[in-house]
Number of protein chains: 2
Amino acid sequence: MSELPKYYVYKMRILEMIADLPPGTLIPTERTLALDFGTSRTTVRKAIGELVAEGKLTRTQGSGTYTGGPKITHVRQLTSFTEDAQAIGYTPSSEILEIEQLRVDGSHAVEAAHMHLAPGAPFVRVRRIRLGNGEPLGLETACIPGELAGFDERLRERGSLYATLREDFGIRITEVEDGVETYLAGPEEVRLLKVEMGSPLLRIDRTGFDDDGKVVEWTVGRFCGDRFRFVARTRAA
Amino acid sequence: MSELPKYYVYKMRILEMIADLPPGTLIPTERTLALDFGTSRTTVRKAIGELVAEGKLTRTQGSGTYTGGPKITHVRQLTSFTEDAQAIGYTPSSEILEIEQLRVDGSHAVEAAHMHLAPGAPFVRVRRIRLGNGEPLGLETACIPGELAGFDERLRERGSLYATLREDFGIRITEVEDGVETYLAGPEEVRLLKVEMGSPLLRIDRTGFDDDGKVVEWTVGRFCGDRFRFVARTRAA
DNA sequence: CGGCCAGATTGGTCTATGCCAATCTTGTGC
DNA sequence: GCACAAGATTGGCATAGACCAATCTGGCCG
């Protein structure tokens with residue numbers, strides 16, 4: 001017996017098989033591969049499962065398993081998703097799920113902590129799906145402290161959160177802090193982002209400050225790790 | 001039957017079980033949990049597997065499954081691992097695996113592309129394990145274009161790559177671009193970082209530029225997604 | 001020709017089971 | 001008491017098979 005697990009050996013063999021295939025190519029079925037390799041379907045599934053998590057394959061129940069495409073690179077500087085996505089050359093869009101004007105209560109402990117808000121303080125919460133070229137890339141929840149009259153209509157009109165804050169409400173974000181960590185997809189992400197249960201996501205949270213160092217934005221996004229790449233460029237002081 | 005997969009239901013039940021437990025607490029065995037839940041061990045393993053990938057549990061063969069600790073946050077500005085890690089309050093260290101003075105050949109296609117080097121051009125490659133408080137956090141491979149005489153000794157002496165480049169070789173990095181994406185652990189990461197096969201990692205690549213915009217550093221790191229959090233802070237122009 | 005339905009195909013989940021490898025425990029012999 | 005070896009425990013890997021759900025295909029019928 002080899003030193004490596006079988007499923008990992010097959011993973012590498014499948015990787016070779018698909019290396020030169022164009023994106024979207026159908027590969028043999030799990031049952032076929034199991035027969036070819038002389039192993040069980042369970043083992044093949046584990047191998048394919050990792051390749052799916054890495055974005056090299058995609059599975060569709062009832063249809064088959066296909067090769068995947070290249071990653072989309074996302075440069076995030078002092079701009080927003082909408083603003084900088086356009087500059088890179090893919091078409092960004094958003095689907096608004098929910099806009100609410102809220103007041104801090106017991107169920108907003110996390111938000112309140114990040115924005116330094118006392119119980120009862122007003123804030124706006126926006127939940128959106130982020131799309132690139134029509135494909136869902138991530139799920140983003142943005143919170144802005146304060147009471148913003150007519151925010152709903154303004155945002156739907158402009159499309160860009162940052163532009164709306166700047167143009168319509170005079171809120172200027174001059175410094176941001178981005179945090180990135182890994183996260184595994186749960187039911188909500190599966191449903192909205194069309195990823196597999198348990199596939200790794202990038203959890204990106206952003207805190208935006210104004211000139212006075214006050215927190216004027218707090219956003220959490222869960223982006224597909226296999227379709228997304230976070231880039232930050234930093235200059236010397 | 002519920003709409004959610006069983007393994008996901010059990011994952012949540014286990015999550016509740018361990019919510020209030022201190023880090024390092026032993027939880028029941030997989031076989032016990034399978035009996036308690038009235039399900040198979042395979043299903044319990046899948047549930048536990050995801051919790052492990054998220055860093056909430058750790059498994060040790062022959063010993064048992066234990067609750068995990070909180071994440072370490074890593075702020076990365078225009079500094080290096082060594083330099084900024086100290087500021088946060090945990091003890092960073094490195095274990096040098098390999099230092100080589102190389103020349104670009106066919107096996108260095110990726111490195112050559114990122115550093116804009118022609119075949120035959122010299123560069124130094126350093127492979128290190130990054131530790132925080134003695135625990136392995138990541139695996140980093142740094143490449144620096146050029147022929148750096150006595151680099152090996154200087155680096156081992158100083159410990160910090162950036163300090164060595166700056167103090168001993170007059171190389172100043174004034175701008176960096178960091179990229180972050182997800183990655184799954186393979187055999188090498190399993191061996192060196194003590195993570196599970198297939199667990200999600202943060203793959204962080206950094207390109208460093210000097211005043212002239214020339215690439216003077218290219219680094220790739222694979223950091224434990226469950227122990228690591230990447231933070232970038234950006235100011236307005 | 002177009003629309004619809006039945007069956008085949010394919011991935012998704014789960015079970016039951018076996019053996020291996022790392023670790024821990026226990027007891028024996030010195 | 002201590003060291004070491006044997007056995008028990010625990011997670012790691014793999015198998016074979018079953019059933020479900022989504023999808024696709026092909027043929028029938030209007």
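Heavy-atom basis, side chains included; hydrogens, waters and symmetry copies ignored. Each chain gets a letter, A, B and so on, in the order the sequences are listed, and its residues count up from 1.
Place A:T60 and B:I27 on DNA chain D by their nearest nucleotides, and B:I27 ends up nearer the 5' end. In this structure, B:T39 and B:S63 both approach DNA chain C, and ranking their closest nucleotides by distance from the 5' end singles out B:T39. Judged by closest nucleotide on DNA chain D, A:T43 is the one of A:T43 and A:G62 placed further toward the 5' end.
The CZ atom of A:R41 sits 14 Å away from the P atom of D:dA16 (whole-angstrom rounding). As a whole-Å value, the separation of B:R59 CZ from D:dT10 C1' is 12 Å. Across the protein-nucleic acid pair, B:K46 atom NZ and D:dA14 atom P stand 16 Å apart, rounded to whole Å. Between the P atom of C:dT9 and the OH atom of A:Y66 lies a distance of 16 Å, rounded to the nearest Å. When the C1' atom of C:dT17 is taken as reference, atom CZ of B:R45 falls 14 Å away, rounded to whole Å. Rounded to an integer number of Å, the gap from NZ of A:K6 to P of C:dA21 is 14 Å. When rounded to the nearest whole Å, the span between NZ of B:K11 and P of C:dC14 equals 13 Å. Protein atom CG of B:L26 is 11 Å distant from nucleotide atom P of C:dC24, rounded to whole Å.
A parallel orientation is assigned to the rings of B:H114 and B:W218, their planes being inclined by less than 30° (bins at 30° and 60°).
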Show me the donor-acceptor pairs, under 3.5 Å and distance only, between side chains in residues 34-49 of chain A and residues at least two apart or in other chains.
| unit_1 | atom_1 | unit_2 | atom_2 | d |
| --- | --- | --- | --- | --- |
| A:S40 | OG | A:T43 | N | 3.4 |
| A:S40 | OG | A:T43 | OG1 | 3.1 |
| A:R41 | NE | A:E30 | OE1 | 3.0 |
| A:R41 | NH2 | A:E30 | OE1 | 3.2 |
| A:R45 | NH1 | A:E30 | OE1 | 3.4 |
| A:R45 | NH1 | A:E30 | OE2 | 2.9 |

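Side-chain atoms of A:T219 and A:E217 form a donor-acceptor pair, as typed in the model, at a separation below 3.5 Å.
Here the side chains of A:P28 and A:L33 are in contact, with some heavy-atom distance below 4.5 Å. Residues B:K11 and B:L51 have side chains in contact (heavy-atom distance under 4.5 Å, counting atoms from C-beta outward).
Relative to the side chain of A:E30, the nucleotides D:dG11, C:dG12, C:dT13 differ in distance, and C:dG12 lies closest. Nearest to the side chain of A:S40, among C:dT13, D:dA14, D:dG12, sits D:dA14. Comparing C:dG12, C:dT13, C:dT10 by their nearest atom to the side chain of B:Y7 picks out C:dT13.
Heavy atoms of B:T42 sit under 4.0 angstrom from at least one base atom.
For C:dG11, its base sits under 3.5 Å from the side chain of A:R31 at one donor and acceptor pair at least.
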